[in-house]
Amino acid sequence: MSQTISQDKVVGIHYVVKTTEGQLLDQSKEGQPLQFIFGRGMLIKGLENALAGKATGDKFETEIAPADAYGERHDGLIQTVPRSLFGDNEVAPGMQFRASTDNGEQSVIIVDVNDDEVTVDGNHPLAGTALQFDVEVVEVRDATASELDHGHVHPNGQDHD
Ligand SMILES: [Zn+2]
């Protein structure tokens, strides 16, 4: 009997994800499906919701709103800080780094630099973007005890040291 996707199943998928304008963002590699333990927050919420109940061989397309993907953009996460905070480090638009903020460690990207100030954006690069997924389910099976214990998938379910 074929299994359907539910909490703690090991799932393998091939996928292509694009913006709704058709820009390719990411895709699984040929012969290397993305494997994960379902229901543990390893995927964006909208994709987990779309996968629930699917079985091996199912193919589907789904459009996921920003709120169920990488969140909405928040202007409050764009901040201007003194350039002196960066010391002698090189700063240029497009550079990404980790910063400690009021919300804890956060990845930020530099969007503008002038002599005195640096503007950084703490939004996820895909915040505010709706995603179009094309998905094929290639594997659904029970997780082994050690996979559940470790919280990750083992190749062919085999144990490791
Ligand atoms: Zn392991």
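Both ligands and their constituent atoms are indexed starting at 1 by order of listing.
If you run side-chain contact (heavy atoms from CB on, under 4.5 Å) between Val111 and each of Val118, Thr80, Val120, Asp121, only Asp121 comes through. For the pairing with Leu34, the side-chain contact (heavy atoms from CB on, under 4.5 Å) check across Val135, Ile13, Asp26 returns one residue only, Ile13.
A donor-acceptor pair under 3.5 Å is absent between the side-chain atoms of Asp68 and the main chain of Ala65, judged by distance alone. Here the side chain of Asp134 pairs no donor or acceptor atom with the backbone of Glu61 at under 3.5 angstrom.
For the Zn ion (ligand 1), protein N/O/S neighbours under 2.8 Å (waters excluded) are His150 ND1, His152 NE2, His154 NE2, His160 NE2.
Applying the ring pair (Phe, Tyr, Trp, His ring centres under 6.0 Å) test to residues at least two apart or on different chains, the pairs with a partner in residues 106-157 are Tyr70-His124, His150-His152, His150-His154, His150-His160, His152-His154, His152-His160, His154-His160.
Linking Ile, Leu, Val, Met, Phe, Trp and Tyr whenever their side-chain heavy atoms come within less than 4.5 Å leaves Val138 and Val153 in two separate clusters.
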